[in-house]
Structure formats: C-alpha cells, structure tokens
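We name chains A, B, ... by the order of the sequence lines, and we start the count at 1 in each one. Note that the structure is predicted; figures quoted are calculated from it, not measured.
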Amino acid sequence: MPLKLYNSLTRQKEVFEPLNAPYVGMYVCGPTVSGESHLGHARPFITFDILYRYLMHQGYKVRYVRNITDAGHFEEEGKQAEDKIATKAILEKLEPMELVQKYTHLYHWAMEQFNNLPPSIEPTATGHIVEQIEMIKKIIADGFAYEANGSVYFDVIKYNDVYSKKNQPYGILSGRNLEDQLDTTRELDNQDEKKNKVDFALWKKAPAEHIMRWQSPWGEGFPGWHIECSAMATKYLGKQFDIHGGGMDLQFPHHECEIAQSTVCNHEMPARYWVHNNMITINGRKMGKSYNNVVKLSELFDGSHPILTQAYSPMTVRFFILQSQYRGTLDFSNEALQASEKALKRLMEAYQWLKAQSFTNNTSASDAALDKQLITWVNELGEFMDDDLNTAKVVANLFEIAPLINSLKDKHIAADAISAASWTLAQTQLTIFIENILGLKVENGANQVQLHGVIQLLIEIRKDAKSRKDFATSDKIRNQLISMGIQIKDEKDGEVSYSLA
RNA sequence: GGUCGGGUGGCCGAGUGGCUAGGCAGAGCUCUGCAAAAGCUCCCACAGCGGUUCGAAUCCGCUCUCGACCUCCA
C-alpha cells in the first residue's frame, strides 16, 4: 500500500517514491522567531510531524530539516527597509539575538508540548550567511542576478525566458504567469534599483540604523527573503531532495522564489514533492498577524484568550488539528475545541484500557461478523494514512473501534465475541497509530492541587483503617503509594505528611 | 482587478456517481442506591437554479456567497 501525497507542483495526488530509498530528505519552512507562536503555526508543524512519523513508520530513514529564521526580513515593503527583528528589538529594548533566543525557546517549548519530534537538523539563517552569499555569487555568475547600489536582485524576466523553454517558467508552482504579475504587482520600494518590478532581492544593502548586518562582496547588508531556505536545503539535503513542505501562504512568493534560485544554482528543481497545508481560520478568516486575530499557543494552553472559556491542553489542540485533513481549512472556535477535548478523552480512555489487557484465551470469535469488522477497521487505518495523510478518517475509524472496546470492558458484548488474535492485533495497531503515528500521548490530567486532594483522601482512609486496626488496608495504601514514589510519613505529633519522589 | 479554492445537518469536519464517515451538542433507553462513565437508539444534511445520468453531495452550466494568494505571514 503505497503512500500518496498531493503534490502542489502537479496539482494531483502522486505515489511517493523517494530519490534514494530508503533515505528521504524533507525540508519544512520553520518559524520566524520574532514573536510568539500562535495556533496557525501549529498546523504545519503538526502536519509535517505526522508525515515525518509516518515515513519512518514505513521504514524510511528520514532527514527532516526545519529552519529557524532568526535574521529578520522586511517589516513592511513600501516603507523603509527595516529588519523586522531589529525593529521589534528596539521597541522592546532588547538585543536582536536576545529576542531570537527568547522566542526560539518558546517555540521549542511549544513543539515539545505538542509532542512533535525534533527535526534531524534545525539550521538558523544567521548561521548560514556564508552559504547564502556563496549561492548569490553563483547566481550572479550565471547571469541571473545583478547588483544595484549595494543590493542584489534576481532577474525574474530572464529566468522566465530561459526556463520557460525547459518547461519550468517562473510561477510553475503557484500557477501564475508572469504577464499577469507584471500588471498586478504593487509599487514597491527601491523600484528604480530593479530592472523589473517582479525581481526579488537576494541581498539587501543595510541602512545605517539596521542592526543585523553582515559583510558581503556587495558591502554591508543582510540576506533577502527567500535565499536562506534555498541555501540550507541545498547544504543539508542536496541539490534535489524529496519533500518540501510549508503553509499554503508560502507557495507564492516564497517557494516560487526558492525554485528559481535553486534551479539556477543547482540546475535542478529543488524538491520533487511540494506539500502545503491549508490555513486555520477563525470565523472563516485566516488566522494571521495581519488580521489581528491570532490566538497564541500560550493563551490556548492557559485559557487566557477572551474567546476561550477554558484552557486546552496541547494534546487537545493536536487532536483538533488531526480531526481534519491537512489540505482543507480548519475553522477554530471554543466550541470546536471543547468537542475535541471530550472526544480525545473518550478515545484515550478506551485505548488505555485496551492496552492494559492481555488476550490469551479465546482462539476463535463467537461473533465472526464483529470480529471481521474490527479487523477491517484496523486495517483501514493504514489505507487512510496512505491516502494523502487522511487523519480525519483515521480518527473516525478509531471511534468505530472505541465503543467496541468499551463494550468488551462493560461486558456488553461477550468476552469471546472477538478472538484473542484480533484483539491483540487491535492492541498493537492502535498503539502504532495513536502513539507513534498520530503522536497522541496520555496527558497527566492530575494537577498538583488534585493530586494533593487525592493523597489527603487516601491518608484519611488509612487513618480510619488504622483506628479499626485494619492494618492490611493501611499497609496496602502505604505500600502502594510508596511504589509510586509517594512516601507517607507518620509524624511524632500524630499528624501525617507525605513527600513526592 | 488578476489567479485559485470553498459553500455538507445546531457546531467542527470526512466523503472515490449508487451502499446515507466520525466527533461534539440535543432526545430517549439500558446500567447505576443516586450520579458520573459506558453502551444502544434517534436526530437521514449536502448554497440556489438548470442540465447530463436508470441514479449526483459527488460531473457540466449559470447565479448567489465566503475565503486565500497577488505584500511579511504557517
């Protein structure tokens, strides 16, 4: 059962075939660490975490590269060119790298909360200035870029002329043609420096007030918007690699420009499969900085955002995202998250119970039809993943199975209705799909307050037992707790305290 | 204005022309000392109008409508 992925480049689902099996190279555009991550950011990172996990599940050895953009770009085109990170830093009276450090930590923290596996390599833009400069030099040498007043621009018209003949015109990924863009591109700053307004910057001359700046053959400046991904992807994954991922909003211009730059440098289309996740919306509108409608992850986790009635755990958010297919928009609301929270709880409780069982006895199923149905549901999990990572359908099947598990637990179906072999299959497969592939984990629901209450209750029961000289019970409580790392201490004054390991 | 993608039951969301995903909410029942949890049952939707077809949520046309990208954006 081969994995099929929707390739934005060809606009169709294609069977995934790596260039050099069993190795797979995957590049995903990471965050700009100039601010706190919001829910919209969570979607690509969870989506590609699922893809990463699933590829590994299929036996591939994946190198997953996800960058960190720590060299700011332009705050706003049309205004004076400014480094976004430097601008914010001045406002917050921080050094740029101090800001980068702060938000990088927050980002890593959030990724961990979501149970996203760390990428194989997480390169930073500032750590690869040299590679970016080298790449720009190459593009100039090949005649597809030109210097103007200390900045370097990519010659889009020339690229399009040359590569249209090789069936790779500028706009191939996003389905645009250059003529339209020449008409519609807005007036931008420094137009006079460019040969054409569709040209994009590879290197920008740094104005005096610009904090982040590097030496280059063209003077002091900083890299353009798109070159970092091309440089780092080439360095770690080679001239051509398997998968390039990111949000749909990066398709144009970011990925389009990457294709142009990398193709000139490496003479190959950089990635074979371009995978784009759709946006998370709120009231039908894309969640994004420009719309001023973002819900930060920290606000989600502590419930502090005004539209939320409560806090939602990272696993609830992850599950919420997995309940839809990644290529569709996903509308966010408090109500939708509440639904996810309840659903996830029910699913995980059933799953945990199943996991703890050992099935040995019944070798044959007394309800053959039900037995067969269970096996079908289990086997479909992989088929659904293969179909462009349809996690929505995977989850739906898990909810077909959950009532069956609960029915066994509550003895609503006969213990031997389903064979031990089938239950065991379900056990192992659910573990693989729920934990390894979907990356859902059991969250420690008990907070410290609740835990304290529980322990106090046990202490009371033990006191009662002791007063009745029911030492078997009192010892049981004490011994069981200590095996969990909770030590009960009988103080001399008759009080009881406890400590956690 | 240009280029694309949508409109599915109260809400979120899958859907390969025929066999009416799933979750949450709501109603009823079973279980329970009462709850909770769990199970069972019900709630048969596909923007509108035409067309193709034996048969359309799914294909075609038109209309209405929402959104994305074209500018940093996941």
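Within the 4.0 Å cut-off from OP1 or OP2 of B:rA14, not a single side-chain nitrogen or oxygen of A:Asn390 is found. Note on A:Lys289: a side-chain N or O is less than 4.0 Å away from OP1 or OP2 of B:rA74. Listed pair A:Arg346 / B:rC24 meets the phosphate criterion, a side-chain N or O lying under 4.0 Å from OP1 or OP2. Contact annotation: A:Arg11 side-chain N/O to B:rG5 OP1/OP2 distance is not under 4.0 Å. Residue A:Lys409 has no polar side-chain atom (N or O) positioned under 4.0 Å from OP1 or OP2 of B:rA38. In terms of phosphate contacts, A:Asn278 brings no side-chain nitrogen or oxygen within less than 4.0 Å of OP1 or OP2 of B:rG6. Residue A:His412 has no polar side-chain atom (N or O) positioned under 4.0 Å from OP1 or OP2 of B:rG39. The side chain of A:Tyr291 places no N or O atom within less than 4.0 Å of a non-bridging phosphate oxygen (OP1 or OP2) of B:rG67. A:Lys286 has a side-chain polar atom (N or O) that falls below the 4.0 Å cut-off from OP1 or OP2 of B:rC69. Regarding contacts with the backbone of B:rC69, every side-chain N or O of A:Arg176 stays at 4.0 angstrom or more from both OP1 and OP2.
In the region residues 307-324 of chain A, proximity to RNA chain B at under 4.0 angstrom, judged on heavy atoms, holds for A:Gln323, A:Ser324.
Between the side chains of A:Glu112 and A:His108, not a single donor N or O lies within less than 3.5 Å of an accepting N or O. Side-chain contact annotation: A:Thr391 with A:Gln323, donor-acceptor N/O pair under 3.5 Å absent. Between the side chains of A:Tyr170 and A:Asn177, no donor-acceptor pair is found at a separation under 3.5 Å. A donor and an acceptor atom, one from each side chain of A:Asp70 and A:Tyr103, are nowhere located under 3.5 Å apart. For the residue pair A:Gln12 / A:Asn7, no side-chain donor-acceptor distance below 3.5 Å is found, with atom types taken as modelled. With no hydrogens or angles considered, no side-chain donor-acceptor pair links A:Tyr6 and A:Glu14 at under 3.5 Å.
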Test side chain to side chain donor-acceptor pair (under 3.5 Å) applied to A:Asn277 and A:Thr47, step by step: CA-CA 7 Å; A:Asn277 64 276; A:Thr47 298; 5.3 Å; no
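Residues A:Leu438 and A:Arg318 have side chains not in contact (no heavy-atom distance under 4.5 Å, counting atoms from C-beta outward). A:Phe332 has its side chain within reach of A:Ile307: a pair of non-hydrogen atoms, C-beta onward, lies under 4.5 Å apart.
Note: CG (A:Asn334) to C1' (B:rC12) measures 12 Å, nearest angstrom. To the nearest angstrom, C1' of B:rG23 lies 16 Å from NZ of A:Lys393. In this structure, NE2 of A:His254 is placed 11 Å from C1' of B:rC72, rounded to the nearest angstrom. In this entry the distance linking CG of A:Asn397 with P of B:rG23 reads 11 Å, nearest Å. Note: CH2 (A:Trp377) to P (B:rG22) measures 9 Å, nearest angstrom. Here B:rC73 presents its C1' atom at 17 Å from CD of A:Glu256, a figure rounded to the nearest Å. One atom, CE of A:Met279, and another, P of B:rG6, lie 15 Å apart when rounded to the nearest Å. Rounded to whole Å, atom C1' of B:rA74 lies 13 Å from atom CG of A:Asn293.
Comparing the P positions of B:rU58 and B:rA45 gives an interatomic distance of 14 Å, to the nearest angstrom. Comparing the P positions of B:rC12 and B:rG2 gives a spacing of 31 Å, expressed to the nearest Å. Atom name P, nucleotides B:rG17 and B:rA21: the rounded distance is 16 Å, in whole Å. Taking atom P in both B:rG23 and B:rG39, the straight-line distance is 10 Å, to the nearest Å. Between B:rG61 and B:rU52, the distance separating the two C1' atoms is 11 Å to the nearest Å. Taking the P atom of each, B:rC4 and B:rA38 are spaced 48 Å apart, rounded to whole Å. Of the P atoms belonging to B:rU3 and B:rG10, the separation is 36 Å, rounded to the nearest Å. If you take atom P in B:rC54 and the same atom in B:rA14, they sit 33 Å apart, rounded to whole Å.
Here A:Glu349 pairs with A:Lys345 in a salt bridge; the nearest charged N to carboxylate O distance falls below 4.0 Å.
Between A:Phe433 and A:Tyr54, the angle of the ring planes lies from 30° to 60°, which puts this pair in the tilted group.
Within 4.0 Å of A:Met287, counting heavy atoms only, lies at least one base atom of the nucleic acid. Nucleic acid contact class of A:Ile413 (heavy atoms, under 4.0 Å, all strands): none. If you check every strand for non-hydrogen atoms under 4.0 Å, A:Ala343 touches sugar and phosphate atoms only. Residue A:Thr329 is in sugar-phosphate contact alone, with no base atom involved, counting any heavy-atom pair closer than 4.0 Å across all strands shown. In this structure, A:Gly246 reaches the sugar-phosphate backbone alone: every heavy-atom distance under 4.0 Å involves primed, P, OP1 or OP2 atoms, never a base.
Relative to the side chain of A:Asp331, the nucleotides B:rG23, B:rC12, B:rC72 differ in distance, and B:rC12 lies closest. Considering only the side chain of A:His41, B:rC73 comes nearest among B:rC73, B:rA38, B:rC24. Closest contact between the side chain of A:Leu330 and the listed nucleotides B:rA74, B:rG10, B:rG13 involves B:rG13. The side chain of A:Glu400 has B:rA21 as its nearest neighbour among B:rA21, B:rG13, B:rA74. Nearest nucleotide to the A:Phe252 side chain, out of B:rC70, B:rC12, B:rA74: B:rC70. For A:Ser290, counting side-chain heavy atoms from C-beta on, the closest listed nucleotide (B:rA74, B:rC73, B:rC70) is B:rC73. Residue A:Asn406 places its side chain closer to B:rA38 than to any other of B:rC12, B:rC24, B:rA38.
For the side chain to side chain donor-acceptor pair (under 3.5 Å) with A:Tyr153, the lone residue among A:Glu193, A:Lys194, A:Lys195 that qualifies is A:Glu193.
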Base-pairing string, 5' to 3', of RNA chain B - Watson-Crick or wobble, under 3.5 Å, | interstrand: (((((((..(((.....[...))).(((((.......)))))....(((((..]....))))))))))))....
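Looking at residues two or more places apart in sequence or on another chain, you find no ring-ring contact (aromatic ring centres under 6.0 Å, His included) involving A:Trp377.
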